[in-house]
Amino acid sequence: MIDLRTLREDPDRLRASQRARGEDESVVDSLLDLDERRRSALASFESLRAEQKSLGKSVSKASGEEKQALLDRAKELAAQVKAAEAEAEKLGAELDELLQTVPNIVDPEAPHGGEDDYVVLETVGTPREFDFEPRDHVELGELLGAIDLDRGAKVSGARFYFLRGVGARLQLGLLNMAMQQAIEAGFVPMITPVLVKPETMQGTGFHVAHDKEIYRLPEDDLYLVGTSEVSLAGYHADEILDAKDLPLRYAGWSSCFRREAGSYGKDTRGIIRVHQFDKVEMFSYCRPEDSREEHLRLLNWEKEMLAKIEIPYRIIDTAAGDLGMSAARKFDCEGWIPTQGRYRELTSTSNCTEFQARRLSVRYRDKDGRPQTAATLNGTLATTRWIVAILENHQQKDGSVVVPKALRPYVGLDVLEPVK
RNA sequence: GGAGGAUUCGCCUAGUGGCCGAGGGCGCACGCUUGGAAAGCGUGUAUAGGGCAACCUAUCGGGGGUUCAAAUCCCCCAUCCUCCGCCA
């Protein structure tokens, strides 16, 4: 949620941001108009209410005819107060509703435009030359007895899978390595709820009612998270944090659930795009003025992880139109997938500035003891999808896969051997 | 699933219709006292919105109602605790 007071002072900032995203600018004027009307409705309610209160006090002191006269007036006033309050509430609700639809103000440094207007910031490593025809991760997963897609489909349907044997070990090792790195960097390790209440989902910037990506449990009014970012953002909701504890950093391990509606036909093969996967996610609460630096730190921790799996990757600066609701800026690290001949997203780190925290009411006390809205950031340390990159980049001619050195202690194997 | 109890300012607690946004204690902050500290004394100590100064308004788990007036009365819901049942 954007800040109304800032909007009043500098509406052009939001206009520019909407332009950069390729979205509607007129929302700015609608907001300003509604805000103005709500404030005046609120003011008239408040003065009527003040009158009612003081009148009420004189009622209790008066007696006889005088009291009756006062009562009559008070009764009349009570009706007016009620009407004024209803009007103010109505406008407030309208304003809130509109405000809910406005995405975060983008960082002016973010590239303008849509999905394809990203800027490549850095390319690390070079794709390996194969002296044999590389197998894709599906084939390798099958050879190694690591990924069972057929039975995943049998049990749960399309885009489900079993990780088994070395596949399960690879995921556990990878995510444990991520957790270990996070712990060493001072993160608090967390295993988070995967079902959350609507206000947590909404607060994090996902629309419970409209978002086609969210799995819902209507019977219980609970929602499956698409990332532990949601649970970790909600963790400090309605709290005022101690400034000396900032930045507060958490590393959450959870399964993630995505409906992948509207992606029919995309990545139907393998475990690139699935309904359920596991992820270790960094989440940080910090002062807004520190958030840009924090964002770069998160990116560096992602690079550190990627270095450990020894694959070529590049970093892109996502364009404004592709930032989603909450992010002001987003960097993705994309790993090289040999059989696709292109880079695919392995990590994503977003600076959500105060957007999520304002919705969730996460604040901290500044030097003067005044509550201020915190900034929140998130970034990926590892996910199930990384298995694709590891298998494909480190495969050998016989179908075996060399485990990257850093990962070996966590997986307990140097090489994954075919089972058939 | 059933029965009962609870939910007030960071914590503990007072408060059964107007004098309660709300008293006390603890904690915390500042000051006095002291060679220094403790104790003691004094002052302050929620959040949000509006004017942005005095001040005004809202909020006593959430929502609705009764009333001129609700922390206080009524209804619904949520959470926690206890007991019973059910499952393992």
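Numbers restart at 1 for each chain; the letters A, B, ... are given by sequence-line order, proteins then strands. None of the values given here were measured: they were computed from a predicted structure. Side chains are part of it too, since the values below use all heavy atoms of this structure and drop only hydrogens, waters and symmetry mates.
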Atom pairs, protein N/O to nucleotides 43-53 of chain B N/O, distance under 3.5 Å:
from, atom 1, to, atom 2, distance (Å)
U47(B), OP1, R365(A), NH1, 2.6
U47(B), OP1, R365(A), NH2, 3.3
U47(B), O3', R363(A), NH1, 2.8
A48(B), OP1, R363(A), NH1, 3.1
G49(B), OP1, R5(A), NH2, 3.2
G49(B), OP2, R5(A), NH2, 3.3
G49(B), N2, E46(A), OE1, 3.2
G49(B), N2, E46(A), OE2, 3.4
G50(B), OP1, R8(A), NH1, 2.8
G50(B), OP1, R8(A), NH2, 3.0
G51(B), OP1, R39(A), NH2, 3.4

Could you go over nucleotides 59-68 of chain B and give all protein N or O partners under 3.5 Å, atom names and distances?
from, atom 1, to, atom 2, distance (Å)
C68(B), OP1, K75(A), NZ, 3.2

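Judged by distance alone, the side chains of Q356(A) and T204(A) never bring a donor and an acceptor atom under 3.5 Å apart. Counted by atom type alone, S348(A) and D332(A) present one or more donor-acceptor pairs between their side chains at under 3.5 Å. With hydrogens and angles left out, the side-chain atoms of Q52(A) and R49(A) include a donor and acceptor closer than 3.5 Å.
Exactly one of R159(A), R273(A), K212(A) qualifies for a side chain to side chain donor-acceptor pair (under 3.5 Å) with E260(A). That residue is R273(A). Just one residue in the list R292(A), K330(A), H295(A), R329(A) forms a side chain to side chain donor-acceptor pair (under 3.5 Å) with D107(A), and that residue is R292(A). Applying the side chain to side chain contact (heavy atoms under 4.5 Å, CB included) test between E294(A) and each of L246(A), L377(A), N351(A) identifies L377(A) as the sole match.
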Residue pair Q181(A), L381(A): steps toward the side chain to side chain contact (heavy atoms under 4.5 Å, CB included) verdict
CA-CA 9 Å; Q181(A) 180 188 299; L381(A) 275 187; 3.9 Å; yes
Just do the side chain to side chain contact (heavy atoms under 4.5 Å, CB included) check on W253(A) and M179(A) with the steps written out, would you?
CA-CA 8 Å; W253(A) 178 332; M179(A) 274 307 216; 3.5 Å; yes
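Rounded to whole Å, the separation between the P atoms of C60(B) and G44(B) comes to 25 Å. Going from the C1' atom of G21(B) to that of A71(B) covers 10 Å, rounded to whole Å. Rounded to whole Å, the C1' atom of C9(B) lies 12 Å from the corresponding atom of C20(B). Taking atom C1' in both A22(B) and A70(B), one finds a spacing of 13 Å when rounded to whole Å. Atom C1' of U72(B) sits at a distance of 13 Å from the matching atom of A14(B), rounded to the whole Å. Nucleotides G24(B) and G15(B) place their C1' atoms 11 Å apart, quoted to the nearest Å. The same atom, P, is picked in G4(B) and in A58(B); the two are 36 Å apart, to the nearest Å. Nucleotides G36(B) and G31(B) have their P atoms positioned 14 Å apart, rounded to a whole Å.
Residue L241(A) contributes atom CG, which lies 14 Å from atom C1' of G10(B) at whole-angstrom precision.
Here G10(B) sits opposite C26(B) as a Watson-Crick or G-U wobble pair (both hydrogen-bonding atom distances under 3.5 Å). For U47(B), the paired nucleotide is A58(B), the pair qualifying as Watson-Crick or G-U wobble because both relevant distances are below 3.5 Å. Base pairing analysis places U33(B) opposite nothing; no Watson-Crick or G-U wobble pair with both distances below 3.5 Å involves it. Across the strands present, G21(B) finds no partner; the criterion is a Watson-Crick or G-U wobble pair with both atom distances under 3.5 angstrom. Nucleotide A88(B) has no partner under the Watson-Crick or G-U criteria, as no pair reaches both atom distances under 3.5 Å. With a cut-off of 3.5 Å on both pairing distances, the Watson-Crick or G-U wobble partner of C83(B) is G2(B). When both distances must be under 3.5 Å, the Watson-Crick or G-U wobble mate of A38(B) does not exist. C73(B): Watson-Crick or G-U partner is G65(B), with both key distances under 3.5 Å.
A salt bridge between K197(A) and D221(A) is absent, with no side-chain N of the basic residue lying under 4.0 Å from a carboxylate O of the acidic one.
Atom-to-atom distance recorded for R363(A):CZ and R365(A):CZ is 8.5 Å, nearest 0.5 angstrom.
Residue K53(A) places no side-chain N or O under 4.0 Å from the OP1 or OP2 atom of G21(B).
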